[in-house]
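Worksheet for the structure shown next.
The structure presented is a predicted model; accordingly, all values stated were derived computationally and were not measured. Here is the naming used below: chain letters follow the sequence lines, and residue numbers restart at 1 for every chain.
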Number of protein chains: 2
Amino acid sequence: MTQRRNQLPTREELRVWRDFIETTEALRAELASRLQSESSMSPGDYAVMLALSEAEGRRLRSSELAASIGWERSRLSHHLGRMERRGLVRRENCTTDNRGAEILLTTEGADAFRRTSIPHLRAIREFFVDALSPDQITAAGDLAATLRNHLDQLRAQR
Amino acid sequence: MTQRRNQLPTREELRVWRDFIETTEALRAELASRLQSESSMSPGDYAVMLALSEAEGRRLRSSELAASIGWERSRLSHHLGRMERRGLVRRENCTTDNRGAEILLTTEGADAFRRTSIPHLRAIREFFVDALSPDQITAAGDLAATLRNHLDQLRAQR
DNA sequence: GGAACATAATTGACATGTCAATCATTTCTC
DNA sequence: GAGAAATGATTGACATGTCAATTATGTTCC
């Protein structure tokens with residue numbers, strides 16, 4: 001087997017990498033900007049509200065919520081503080097574990113999520129789905145799965 | 001032609017979208033974390049230093065630099081302030097336009113960039129290039145180009 | 001039961017990003 | 001050439017993200 005550890009990407013591989021990462025970044029920024037101007041929501045707000053709205057009783061333990069959207073707990077804690085100030089969520093003490101907190105979507109939060117959802121899905125269609133052929137959608141899914149797998153493997157090695 | 005304006009993504013299209021955007025985000029975060037722990041640099045630092053190191057005389061007008069890395073000027077201005085405090089870049093008055101500023105890489109900045117570059121390229125190979133088959137690299141490039149094109153077209157319509 | 005350790009969540013400090021407002025200078029137009 | 005408009009860049013306010021430290025409670029084990 002060839003020793004790869006010290007090889008660097010070729011010029012072409014690097015070009016693809018830059019295109020790929022810059023484009024996905026531009027896409028993310030565009031969707032975020034849409035969401036903000038149409039609904040005064042950030043992608044973070046949306047992720048939190050989506051997870052809560054799908055949860056049993058519209059409530060989750062803080063750490064479950066963090067796991068479900070793949071955030072560090074500290075990040076979530078800061079974000080929940082901001083959302084709580086805006087009246088979108090509320091924190092309650094957990095009855096089964098006094099260390100824990102339960103996060104729940106307020107009525108106001110649930111309404112906001114409903115109003116946000118359709119325009120956001122439309123934007124995803126417009127910027128992502130409409131851009132790609134069915135084959136390209138499949139390819140995007142494969143690519144994501146492959147990259148995610150590889151990432152998980154590298155992390156597991158540590 | 002079918003009216004698409006109000007159609008929403010299918011469940012499958014949405015799954016691909018989430019996989020895709022979350023995976024690219026995880027990839028971005030992983031590379032950023034590497035760069036930070038190995039070299040005390042952020043991706044932003046790297047982008048700025050790369051553009052400057054490739055520029056004539058290792059200097060660029062602030063707005064040229066912004067265009068070359070695709071940033072808003074305000075973002076760049078804040079970032080340059082932080083990099084200047086760390087001694088990586090310097091700002092000088094522009095001789096041909098008194099409003100303008102020229103940004104230049106200090107010797108220290110150029111050294112830092114050299115030290116950072118190889119490990120960063122290795123990380124790109126490890127997390128991206130090594131994960132994908134040659135065909136998948138090609139597919140990633142196509143995908144990026146298609147998405148970028150579509151994005152530019154939508155923006156041009158406004 | 002109590003010391004040692006693990007777990008849940010928050011906090012503070014700070015880097016990064018966006019937006020709107022500002023300031024200085026240049027360019028345009030008459 | 002004077003006033004209006006455009007351009008280059010910075011600033012301030014604030015949202016977001018990361019990291020390390022802290023607080024409080026739970027669990028283990030003797």
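- Residue contacts for A:Arg82: at a heavy-atom cut-off of 4.0 Å it reaches a base atom on one of the strands shown.
- Using a 4.0 Å cut-off, no side-chain N or O of B:Arg99 falls inside it from OP1 or OP2 of D:dT10.
- Atoms CZ (A:Arg61) and C1' (D:dG26) sit 11 Å apart, rounded to a whole Å.
- Each of B:Asp45 and A:Gln36 was matched to the nucleotide of DNA chain C holding its nearest heavy atom; the match closer to the 5' end belongs to B:Asp45.
- When rounded to the nearest whole Å, the span between CD of A:Glu72 and P of D:dT16 equals 17 Å.
- Base contact: B:Ser77 has a heavy atom under 4.0 Å from a base atom.
- Contact annotation: the side chain of B:Phe20 approaches that of B:Leu143 to within less than 4.5 Å [non-hydrogen atoms, C-beta and beyond].
- The 5' end of DNA chain C is approached more closely, in terms of each residue's nearest nucleotide, by A:Leu80 than by the other of B:Met41 and A:Leu80.
- Taking only side-chain atoms of B:His79, from C-beta outward, the nucleotide of C:dT16, C:dA8, D:dT10 with the closest atom is C:dT16.
- Checking C:dT25, D:dG26, C:dT10 against every side-chain atom of A:Asp97, the shortest atom distance belongs to D:dG26.
- Per the geometry, CG belonging to A:Leu31 stands 18 Å off P belonging to C:dG17, to the nearest Å.
- Taking a 6.0 Å sphere around CZ of A:Arg90, one finds it holds 12 or fewer heavy atoms contributed by other residues, nucleotides or ligands.
- Exactly one residue among B:Asp45, B:Leu88, B:Leu50 makes a side chain to side chain contact (heavy atoms under 4.5 Å, CB included) with B:Phe113. That residue is B:Leu50.
- In terms of phosphate contacts, B:Arg86 brings no side-chain nitrogen or oxygen within less than 4.0 Å of OP1 or OP2 of C:dA15.
- What separates CD of A:Glu25 from P of D:dG17 is a distance of 12 Å, to the nearest Å.
- Among the atoms of the strands shown, none is found under 4.0 Å from any heavy atom of A:Arg85.
- Spacing between atom CG of A:Leu65 and atom C1' of C:dT10 amounts to 15 Å, rounded to whole angstrom units.
- Rounded to whole Å, atom C1' of D:dA24 lies 12 Å from atom CG of A:Asn93.
- For A:Phe127 and B:His150, the gap between ring centers reaches or exceeds 6.0 Å.
- The NE2 atom of A:His78 sits 10 Å away from the C1' atom of D:dC19 (whole-angstrom rounding).
- Rounded to whole Å, the distance from CG on B:Leu76 to C1' on D:dG8 is 12 Å.
- Not a single donor-acceptor pair, N or O on each side, falls under 3.5 Å between the base of C:dT18 and the side chain of B:Arg75.
- A chain of hydrophobic side-chain contacts below 4.5 Å, direct or via other Ile, Leu, Val, Met, Phe, Trp or Tyr residues, connects A:Leu151 to B:Leu31.
- Among the heavy atoms of the strands lying under 4.0 Å from B:Ser42 are primed sugar atoms or P, OP1, OP2 only; no base atom is included.
- Nearest nucleotide to the A:Arg73 side chain, out of D:dG17, D:dA9, C:dA9: C:dA9.
- OP1 or OP2 of D:dA9 has not a single side-chain nitrogen or oxygen of B:Ser74 nearer than 4.0 Å.
- Contact check for A:Leu76 versus A:Ser62: side-chain heavy atoms found under the 4.5 Å cut-off.
- The side chain of A:Asn98 places no N or O atom within less than 4.0 Å of a non-bridging phosphate oxygen (OP1 or OP2) of C:dA8.
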